There are 2 protein chains.
Amino acid sequence: MHTVKEAAHITGLTEHAVRFYTDKGLVPSVRRDKNNVRMFDEEAVNWLHGIKCLKQSGMPIEAIRTYVELCLEGDSTIPQRAALMKAHKEAALAKLEEAKRHIAHLEQKTALYQAILEHRMPDTTNPATWSDIRHMHSDVFYAPVAGRA
Amino acid sequence: MHTVKEAAHITGLTEHAVRFYTDKGLVPSVRRDKNNVRMFDEEAVNWLHGIKCLKQSGMPIEAIRTYVELCLEGDSTIPQRAALMKAHKEAALAKLEEAKRHIAHLEQKTALYQAILEHRMPDTTNPATWSDIRHMHSDVFYAPVAGRA
DNA sequence: GCTTGCCTTCGTGTAACACGAAGGCTTTAA
DNA sequence: TTAAAGCCTTCGTGTTACACGAAGGCAAGC
């Protein structure tokens, strides 16, 4: 049995988050002791891990609660749960792909900055390189176009 | 020149978000016409793309604003910008890795559900498979352990 | 001249916590 | 035995990044 603090430490969540989740009904197996203190068994800690996974992959709390309740209803809800989880997985995959594109962009940007710092600046007078440069949103080589104060 | 609506459509942001960003000073090159209407040139649209990239990769608005202001200050801030961007890129990469782990977990979960739906249920009486099964947080094969109503 | 459609500002609502205050229990330490 | 240390509790406000709706302005078309 673990306290809030321990459960938080094990799962890598904050104590605030752990209390928040339990109070929202996301952790079915949490009990209270005689002093009204939340007690987490291994089952509860597993739920916290699962909740963390779902949440960090983009599922909102309310959806997680729906899922948890379906689990509590027993085997008859397995088809619904399967569909729900599959949909979520695909949404998460889509986000992952977008994240990769963003990272690629950030890589370009850092590479460009690095080139400047190493005095290997691209030739801004050569039109052939302009598209690359402009692709970086102009903020490195071009002053903000239209005025400011 | 584009209106808010057009800029939103081009960048895939909502109109609300576009107004929000401009009002927060994240888009330097936005002007107003005689009717006080926001006008976005290509430069501004590029900024919006960049902001979207930074934001979706986890940079908070305030940090983006700091970055934008450094850009406006000219070449002398390039070292700071380079450092800032590199740090952000690495943070984003770390998140990407975590996201991949979450996705792997979701893959397992959907696969397990799929197996059940296809009546290829793992042998829950065979201790050799238990760790895999329990790894799914028990919510598929095990009723929630400690009571409920 | 009136509707349509876009824009404006303003103000409240939302999600998912973070954080601090005020207080209760139990354990240790003098 | 009393006092301080550490947990825990609930409660309540603060934060971020918008979403959404209301109320109204201006320009264009019919």
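In what follows, every chain begins at residue 1, and chains take the letters A, B, ... in the order their sequences are listed. Owing to the predicted nature of the structure, the values given are computational and were not obtained by experimental measurement.
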Nearest-Å distance, [atom1] ([X]) to [atom2] ([N])?
| X | N | atom1 | atom2 | value |
| --- | --- | --- | --- | --- |
| E62(A) | dC17(C) | CD | P | 13 Å |
| M59(B) | dC18(D) | CE | P | 14 Å |
| D33(B) | dG25(D) | CG | P | 17 Å |
| F20(A) | dG12(D) | CZ | P | 17 Å |
| K24(B) | dT15(D) | NZ | P | 11 Å |
| I51(B) | dC18(D) | CD1 | P | 10 Å |
| H2(A) | dC7(D) | NE2 | C1' | 17 Å |
| L48(B) | dC18(D) | CG | P | 12 Å |

Note: for A17(A) and T3(B) on DNA chain C, the residue whose nearest nucleotide lies more 5' is T3(B)
Under 4.0 Å, heavy atoms only, any strand: does K34(A) hit a base, just the sugar-phosphate, or nothing? sugar-phosphate
For V45(A) and H2(A), the nearest pair of non-hydrogen atoms, with its separation, is CG2-CD2, 3.8 Å
Heavy-atom closest pair (L54(B) atom, S57(B) atom, distance to 0.1 Å) is O-OG, 2.9 Å
Check whether any side-chain nitrogen or oxygen of [X] sits under 4.0 Å from OP1 or OP2 of [N], and answer yes or no.
| X | N | answer |
| --- | --- | --- |
| T14(B) | dA19(D) | yes |
| K55(A) | dC17(C) | yes |
| Y21(A) | dA16(C) | no |

**OP:** Report the C-alpha separation of K100(A) and E97(A) in whole Å, then their side-chain angles, then the decisive distance to 0.1 Å, and conclude whether the salt bridge (charged side-chain N to carboxylate O under 4.0 Å, His left out) test is met.
**Re:** CA-CA 5 Å; K100(A) 279 185 191 168; E97(A) 289 311 311; 3.6 Å; yes
Requested in this report: Output yes when a side-chain donor or acceptor of T77(B) lies under 3.5 Å from a complementary backbone atom of Q80(B), and no otherwise.
Outcome: no
Determine whether a donor-acceptor pair (N or O, by modelled atom type, separation under 3.5 Å) exists between the side chain of K52(B) and the backbone of T11(B). yes
Regarding the side chain of E15(A), the nearest nucleotide among dC8(D), dA18(C), dC17(C) is dC8(D)
The side-chain hydrogen bond (donor to acceptor under 3.5 Å, both in side chains) partner of R38(B) among D33(B), D23(B), T3(B) is D23(B)
Verify the distance criterion only: is there a donor paired with an acceptor across the side chains of H9(A) and E15(A) at less than 3.5 Å?
no
Below 3.5 Å between N/O atoms, which protein atoms pair up with nucleotides 9-11 of chain D? Just atom names and distances, please.
unit_1	atom_1	unit_2	atom_2	d
dT9(D)	OP1	R38(A)	N	3.2
dT9(D)	OP1	R38(A)	NH1	2.4
dT9(D)	OP2	R19(A)	NE	2.6
dT9(D)	OP2	R19(A)	NH2	3.4
dT9(D)	OP2	R38(A)	NH1	2.9
dT9(D)	O5'	R38(A)	NH1	3.3
dT10(D)	OP2	R38(A)	NH2	3.0

